[in-house]
Number of protein chains: 2
Amino acid sequence: MTKQTDLKEYWKNNPRLLPSVSIDCVTLGFHDNQLKILLLKYKNTEYYALPGGFINMDEDLEDAAHRILEERTGLRNIYLEQFHVFGSNKRQNDNTHREIMAGCDIEMKPNNFLLNRFISIGYYALIDFTKAIPSPDELSDSCEWYDLDKIPTLMFDHNEIFRKALETLRLMLDDKLIGFNLLPETFTMNELQNLYETILGEKIVRSNFQRKMLGLGILERIEKKMTGAANKAPYLYRFLGRAYS
Amino acid sequence: MTKQTDLKEYWKNNPRLLPSVSIDCVTLGFHDNQLKILLLKYKNTEYYALPGGFINMDEDLEDAAHRILEERTGLRNIYLEQFHVFGSNKRQNDNTHREIMAGCDIEMKPNNFLLNRFISIGYYALIDFTKAIPSPDELSDSCEWYDLDKIPTLMFDHNEIFRKALETLRLMLDDKLIGFNLLPETFTMNELQNLYETILGEKIVRSNFQRKMLGLGILERIEKKMTGAANKAPYLYRFLGRAYS
DNA sequence: ATTTTATTGTACCATTTTGATACAATAATA
DNA sequence: TATTATTGTATCAAAATGGTACAATAAAAT
């Protein structure tokens with residue numbers, strides 16, 4: 001499915017995919033003290049979108065989400081969580097689909113698979129920015145990180161999907177200790193705090209944050225990190241909780 | 001679709017429903033200090049199931065869930081919340097479907113709609129037990145309340161769906177103040193506490209619970225309720241939060 | 001009519017958690 | 001050696017929570 005002719009054949013015919021159901025992924029990474037989201041831009045259009053895809057006929061929903069994310073990031077065993085299903089009857093737009101396909105020189109017959117109604121299952125993925133290798137799919141010419149405050153207008157209801165993902169993430173952050181999935185193996189307390197502040201969108205008092213985190217008993221203190229800065233060197237920490245799959 | 005012949009026609013043919021997607025509802029009520037769940041039993045079988053259904057081609061997902069619940073309870077404007085999608089590839093069993101249909105004297109052709117793969121979107125519904133009028137669907141001969149600790153083995157993955165619903169409900173109880181949907185218009189503090197204890201599965205110290213609930217500023221104190229018991233009469237309260245739709 | 005009983009509403013105190021400030025320690029620089 | 005910026009931790013006040021106590025009271029018992 002890498003060659004253009006194969007691609008055309010694939011999307012012209014109705015492939016063996018589970019009808020009516022799609023997956024959209026809100027894929028978050030953390031870099032330069034900023035939360036970033038991975039977005040696609042379709043070839044020869046101004047349409048931005050969340051990475052997404054469909055479910056193979058014999059594929060578990062969960063597996064499909066992992067497969068889709070692996071194709072966009074190169075990463076396996078990503079931390080992925082379902083957060084909502086978007087099922088409005090009018091969430092799609094046939095013309096948009098046609099323009100996207102036209103951008104790839106693919107003609108859509110009226111009975112094309114994509115022109116059916118789809119509900120979309122939203123997953124959010126928390127990944128280690130340093131390990132991901134974003135790569136566009138066959139229909140898009142870019143797959144890039146965007147700052148959360150610079151998200152462009154997205155296709156269909158994808159902006160709403162993002163909003164709901166962030167809302168859920170904020171709700172679950174303390175409860176499930178999932179923030180660590182966004183950091184590399186080792187990190188300083190300051191990096192962890194910046195992550196929390198960015199996700200929650202509010203400042204936290206440094207000493208209290210440190211007390212809380214250390215009190216959870218989930219951090220292993222490693223050696224000090226000599227940053228080269230003219231001040232006391234911070235410790236590095238490692239997250240002791242189970243690695244999520 | 002009330003007569004038997006219509007029913008047969010309906011299920012024999014592939015109706016205009018959104019393929020691959022079903023809805024299952026964990027419908028909870030509170031009565032006699034017990035949480036109850038609404039379950040169906042299919043005609044002439046030993047199969048118990050959550051009330052569920054399908055989505056019409058032009059129907060919003062949310063609307064479909066409300067419609068399905070209205071058919072089983074007679075209630076509109078139920079408090080309904082999506083909590084998870086169940087999408088394992090092997091969650092269904094064709095023989096079970098055939099037995100259920102056989103119990104209704106309906107023959108299933110190999111290409112019958114029901115024999116396709118479905119993912120199921122789980123909703124939990126919190127309803128006022130006193131207002132609901134449970135009524136079975138065309139395929140079942142009973143639609144009844146069961147105590148949570150007396151739930152029989154359910155069809156497919158419905159026991160897991162229930163478990164996940166309860167887990168989500170516990171998580172959301174304090175955060176979203178949704179428990180009130182399970183009570184009638186007015187209630188005593190004791191009834192409210194019993195509800196919380198039942199959902200959370202643990203005892204709460206009475207005075208602290210009262211302090212917490214009154215402190216939220218969401219309860220209006222009405223007149224006293226003369227229970228006829230030989231003790232101080234409790235106040236009745238009304239929930240001041242917005243009524244959920 | 002008075003006492004008894006069970007439950008309610010609330011006060012009270014001890015403990016824990018949280019919010020905010022202060023300060024000694026320290027890696028690099030001046 | 002002093003300076004600077006940041007870190008790790010201590011400390012204190014305020015708020016929230018857990019637990020006990022007790023007066024109030026509706027109906028039943030005496």
Side-chain angles (χ1 to χ4, degrees), chain A residues 32-33 170-177 179-180 183-184 186-240, chain B residues 30 32-34 170-177 179-180 183-184 186-240:
Chain A
D32 281 344
N33 284 341
R170 284 177 175 166
L171 214 61
M172 296 294 166
L173 189 60
D174 276 335
D175 206 56
K176 297 200 172 180
L177 300 176
F180 299 95
L183 293 173
T186 63
F187 46 86
T188 65
M189 192 59 76
N190 193 2
E191 290 167 336
L192 183 59
Q193 180 173 349
N194 280 326
L195 171 61
Y196 267 69
E197 289 182 339
T198 308
I199 294 178
L200 299 175
E202 57 188 24
K203 286 284 171 195
I204 307 171
V205 175
R206 186 179 59 87
S207 63
N208 296 338
F209 180 78
Q210 191 138 344
R211 177 177 61 193
K212 177 174 146 188
M213 283 300 149
L214 293 178
L216 292 173
I218 50 164
L219 293 182
E220 182 190 4
R221 182 176 281 182
I222 322 284
E223 78 282 6
K224 289 199 171 192
K225 182 188 184 186
M226 297 303 169
T227 60
N231 51 38
K232 189 172 177 179
Y235 285 104
L236 284 175
Y237 294 91
R238 185 197 316 283
F239 178 56
L240 287 178
Chain B
F30 190 65
D32 280 344
N33 283 341
Q34 281 276 337
R170 284 178 176 166
L171 214 62
M172 297 293 166
L173 189 60
D174 275 335
D175 207 55
K176 297 200 171 180
L177 300 174
F180 298 96
L183 293 173
T186 62
F187 46 86
T188 66
M189 192 58 76
N190 192 2
E191 289 167 336
L192 182 60
Q193 181 172 349
N194 281 325
L195 171 61
Y196 268 69
E197 289 181 339
T198 308
I199 293 178
L200 298 175
E202 58 187 24
K203 286 285 171 194
I204 307 172
V205 176
R206 185 179 58 88
S207 63
N208 296 339
F209 180 79
Q210 191 138 344
R211 178 178 57 193
K212 177 175 145 187
M213 283 300 149
L214 293 178
L216 291 174
I218 51 163
L219 294 182
E220 182 190 5
R221 183 176 279 182
I222 322 285
E223 79 282 5
K224 289 199 173 194
K225 181 189 186 187
M226 297 303 169
T227 58
N231 51 38
K232 189 172 177 179
Y235 285 104
L236 283 174
Y237 294 91
R238 185 196 318 281
F239 178 56
L240 286 179

> For A:L173, enumerate each residue passing the side-chain contact (heavy atoms from CB on, under 4.5 Å) test, keeping only those at least two apart in sequence or located in another chain.
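In terms of side-chain contact (heavy atoms from CB on, under 4.5 Å), with neighbours along the sequence ignored, A:L173 is linked to A:I178, A:Y196, A:I199, A:L200.
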
> Which value, rounded to the nearest 0.5 Å, describes the distance between B:Q210 atom CD and B:N190 atom CG?
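CG of B:N190 is found 9.5 Å from CD of B:Q210.
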
> List for me each residue that meets ring-ring contact (aromatic ring centres under 6.0 Å, His included) alongside B:F180, sequence neighbours excluded, and say none if there are none.
B:F187, B:F239

> Under 4.0 Å, heavy atom to any atom of DNA chain D: which of residues 196-208 of chain B qualify?
B:V205, B:S207, B:N208

> Can you name the side chain to side chain donor-acceptor pair (under 3.5 Å) partners of A:Q193, sequence neighbours left out?
A:E197

> Shortest non-hydrogen contact from A:N33 to A:T198?
O-OG1, 3.8 Å

> Would you indicate, yes or no, if C:dC12 has its OP1 or OP2 atom less than 4.0 angstrom from a side-chain nitrogen or oxygen of B:R211?
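Looking at the OP1 and OP2 atoms of C:dC12, neither is under 4.0 Å from any side-chain N or O of B:R211.
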
> Can you name the side chain to side chain donor-acceptor pair (under 3.5 Å) partners of B:N231, sequence neighbours left out?
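So B:N231 forms no side chain to side chain donor-acceptor pair (under 3.5 Å) with any residue.
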
> Who are the salt bridge (Lys or Arg N to Asp or Glu O under 4.0 Å) partners of A:R221, not counting sequence neighbours?
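With sequence neighbours excluded, A:R221 shows a salt bridge (Lys or Arg N to Asp or Glu O under 4.0 Å) to no residue whatsoever.
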
> When you measure from the side chain of A:E191 to the backbone N and O of A:T188, does any donor-acceptor pair fall under 3.5 Å?
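Yes; judged by distance alone, with no hydrogens or angles, the pair exists.
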
> Checking A:K232 now: which residues fulfil side-chain contact (heavy atoms from CB on, under 4.5 Å) with it, not counting sequence neighbours?
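A:K232 satisfies side-chain contact (heavy atoms from CB on, under 4.5 Å) with A:K224 only.
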
> For C:dT8, does OP1 or OP2 lie under 4.0 Å from any side-chain N or O of B:N190?
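Indeed, a polar side-chain atom of B:N190 lies that close.
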
> Along nucleotides 24-30 of chain D, 5' to 3', which nucleotides get a B, which get an S, and which get a -, given that the test is a protein heavy-atom distance under 4.0 Å?
BBBBS--

> Map every base of DNA chain D to its dot-bracket character, where paired means a Watson-Crick or G-U wobble contact with both distances under 3.5 Å and | marks a partner outside the strand.
||||||||||||||||||||||||||||||

> Report the distance from atom CD of A:Q193 to atom P of D:dT6, rounded to the nearest whole Å.
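After rounding, the reported distance stands at 13 Å.
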
> Tell me, please, which residues at least two apart from B:Q34 pass side chain to side chain donor-acceptor pair (under 3.5 Å).
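For B:Q34 there are no side chain to side chain donor-acceptor pair (under 3.5 Å) partners, ignoring immediate neighbours.
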
> Under 4.5 Å between any side-chain heavy atoms of A:M189 and A:Y235, yes or no?
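Sidechains of A:Y235 and A:M189: no contact.
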
> Rounded to the nearest Å, what distance is computed from the CG atom of residue B:L219 to the C1' atom of nucleotide C:dG9?
14 Å

> Rounding to an integer number of Å, can you tell me how far A:N194 CG sits from D:dT7 C1'?
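That distance rounds to 14 Å.
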
> When the distance from CD of B:Q210 to C1' of D:dT17 is rounded to whole Å, what number comes out?
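So the two atoms are 16 Å apart, to the nearest Å.
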
> Measure the shortest side-chain to side-chain distance between A:M172 and B:L171 over non-hydrogen atoms and say whether it is less than 4.5 angstrom.
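Yes, at least one pair of side-chain atoms sits under 4.5 Å.
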
> If you pin B:Y237 and A:K212 to their nearest nucleotides in DNA chain C, which one's is more 5'?
B:Y237

> Scan for salt bridge (Lys or Arg N to Asp or Glu O under 4.0 Å) pairs involving residues 205-215 of chain B, sequence neighbours excluded, and state none if there are none.
B:D174-B:K212

> Dump the pairs, protein N or O against N or O of nucleotides 15-17 of chain C, anything under 3.5 Å, distances to one decimal.
none

> From CG of A:D174 over to P of C:dT18, roughly how many Å is that when rounded to an integer?
9 Å

> For a side-chain contact (heavy atoms from CB on, under 4.5 Å) check, start with the C-alpha distance between A:E223 and A:T186, then their side-chain angles and the critical distance, and finish with the verdict.
CA-CA 10 Å; A:E223 78 282 6; A:T186 63; over 6 Å; no

> Find the distance B:F209:CZ to C:dT10:P and express it as a whole number of Å.
15 Å

